[in-house]
Amino acid sequence: MQQAIALAVENVRAGAGGPFGAVVVRDGKVIATGVNRVTSTHDPTAHAEVVAIRAACQVLGDFQLHGCAVYTSCEPCPMCLAALYWSRCDAIFYGCSAADAAAAGFDDSFLYAEVSRPISERKIPTQRLLGDQAMETFDTWRAQTNKIEY
């Protein structure tokens, strides 16, 4: 956790991005780290946890982080929390809370609220198109014999 916090502080001091750092650990060894790179890379998904997940998966040569713990300087936002669950890591440890982040100007409460709203009531208009035609994607997936399940 100390390394995740130090990465976050250094990231801010270097002017490279927001105050967030993450570390992926397996068997007591750091295998990857990440810092917030949203503004420096012009990528809204470049949160510290996502950057660390991507790096760890490259190191492991796998798309899952079984046997790994993730230490992050702040409670993960909804996107990062989902990515951590998709990674199938074994544990998540965080320093600052979501309330701490909100007090510093990083308030994700509206995202949690949006996800729980019916699609028709969300702030960004969202509409289903070509649902029947799009089912070909899943029909093709189901029929594929050499797919890697996840």
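Being a predicted model, the structure only gives us computed values, none of them experimental.
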Cluster question for you: counting only ILVMFWY and a side-chain heavy-atom cut-off of under 4.5 Å, with indirect links fine, are [X] and [Y] together?
{"X": "Leu65", "Y": "Leu84", "value": "yes"}
{"X": "Met79", "Y": "Val35", "value": "no"}
{"X": "Val30", "Y": "Met1", "value": "yes"}
{"X": "Leu81", "Y": "Ile53", "value": "yes"}

Ignoring hydrogens, what is the shortest heavy-atom contact between [X] and [Y]? Give both atom names and the distance.
{"X": "Leu111", "Y": "Pro78", "value": "CB-CG, 3.8 Å"}
{"X": "Cys57", "Y": "Asp62", "value": "CB-O, 3.0 Å"}
{"X": "Cys80", "Y": "Pro76", "value": "CB-CB, 3.9 Å"}
{"X": "Gly21", "Y": "Ala8", "value": "N-CB, 3.5 Å"}
{"X": "Cys68", "Y": "Val24", "value": "CB-CG1, 3.9 Å"}
{"X": "Ala52", "Y": "Ala32", "value": "O-CB, 3.8 Å"}

* To do: Please tell me if the side chains of Val70 and Val23 come closer than 4.5 Å, counting only heavy atoms from C-beta onward.
  =>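 A side-chain contact under 4.5 Å is absent here.
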
* Given side chains that start at C-beta, do those of Val12 and Asn36 come closer than 4.5 Å, heavy atoms only? ->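 They are not in contact (no side-chain heavy atoms under 4.5 Å apart), so the answer is no.
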
* Asked: What do the steps show when you test Arg54 against Thr45 for side chain to side chain contact (heavy atoms under 4.5 Å, CB included), and what is the final call?
  -> CA-CA 11 Å; Arg54 289 173 179 163; Thr45 69; 3.5 Å; yes

* Sequence neighbours excluded, which residues qualify as ring pair (Phe, Tyr, Trp, His ring centres under 6.0 Å) partners of Tyr112? ->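 If we apply the ring pair (Phe, Tyr, Trp, His ring centres under 6.0 Å) test to Tyr112, skipping adjacent residues, there are no hits.
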
List for me each residue that meets side chain to side chain donor-acceptor pair (under 3.5 Å) alongside [X], sequence neighbours excluded, and say none if there are none.
{"X": "Gln64", "answer": "His66"}
{"X": "Arg13", "answer": "none"}
{"X": "Asn11", "answer": "Arg37"}
{"X": "Gln144", "answer": "Asn146"}

* To do: For side chain to side chain contact (heavy atoms under 4.5 Å, CB included), just list the numbers for Asp43 and Val38, CA-CA rounded to whole Å, side-chain angles, deciding distance to a tenth of an Å, and then say yes or no.
  => CA-CA 5 Å; Asp43 179 356; Val38 170; over 6 Å; no

* Should side-chain heavy atoms under 4.5 Å link Ile, Leu, Val, Met, Phe, Trp and Tyr, which residues sit in the same cluster as Met135? ->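 Met135 shares its hydrophobic cluster with Phe138.
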
* Can you tell me which residue pairs pass the side-chain hydrogen bond (donor to acceptor under 3.5 Å, both in side chains) test with a partner in residues 122-141, sequence neighbours excluded? =>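 Sorted pair list: Asp139-Arg142.
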
* side-chain hydrogen bond (donor to acceptor under 3.5 Å, both in side chains): which pairs involve residues 67-90, sequence neighbours left out? ->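 Every side-chain hydrogen bond (donor to acceptor under 3.5 Å, both in side chains) pair that includes a residue of residues 67-90, provided the two are not neighbours, is Glu49-Thr72.
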
* **Counterpart residues, side chain to side chain contact (heavy atoms under 4.5 Å, CB included), relative to Ala91 (two or more places apart)** =>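 Ala91 satisfies side chain to side chain contact (heavy atoms under 4.5 Å, CB included) with Ala69, Phe93 only.
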
* Checking Thr39 side chain against Gly17 main chain: does a donor-acceptor pair fall under 3.5 Å? ->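 Pair absent, no side-chain N/O of Thr39 close to backbone of Gly17.
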
* Mind jotting down which residue pairs meet the salt bridge (Lys or Arg N to Asp or Glu O under 4.0 Å) criterion with at least one end in residues 18-36? Sequence neighbours excluded, please. =>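 Checked against salt bridge (Lys or Arg N to Asp or Glu O under 4.0 Å) - neighbours excluded - no pair reaches residues 18-36.
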
Only distances under 3.5 Å count here; give the side-chain donor-acceptor pairs of residues 100-109 to other protein atoms, sequence neighbours excluded, each with its distance to 0.1 Å.
residue: Asp100; atom: OD2; partner: Ser97; partner atom: N; Å: 2.8
residue: Asp100; atom: OD2; partner: Ser97; partner atom: OG; Å: 3.1
residue: Asp107; atom: OD1; partner: Ser109; partner atom: N; Å: 2.9
residue: Asp107; atom: OD1; partner: Ser109; partner atom: OG; Å: 2.8
residue: Asp107; atom: OD2; partner: Ser109; partner atom: OG; Å: 3.4

* **Partner residues of Glu114 under the salt bridge (Lys or Arg N to Asp or Glu O under 4.0 Å) criterion, sequence neighbours left out** =>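 Glu114: salt bridge (Lys or Arg N to Asp or Glu O under 4.0 Å) contacts with Arg117.
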
* To do: Check the pair Phe20 / Cys74 against side chain to side chain contact (heavy atoms under 4.5 Å, CB included), numbers first and verdict last.
  => CA-CA 7 Å; Phe20 304 97; Cys74 187; 3.8 Å; yes

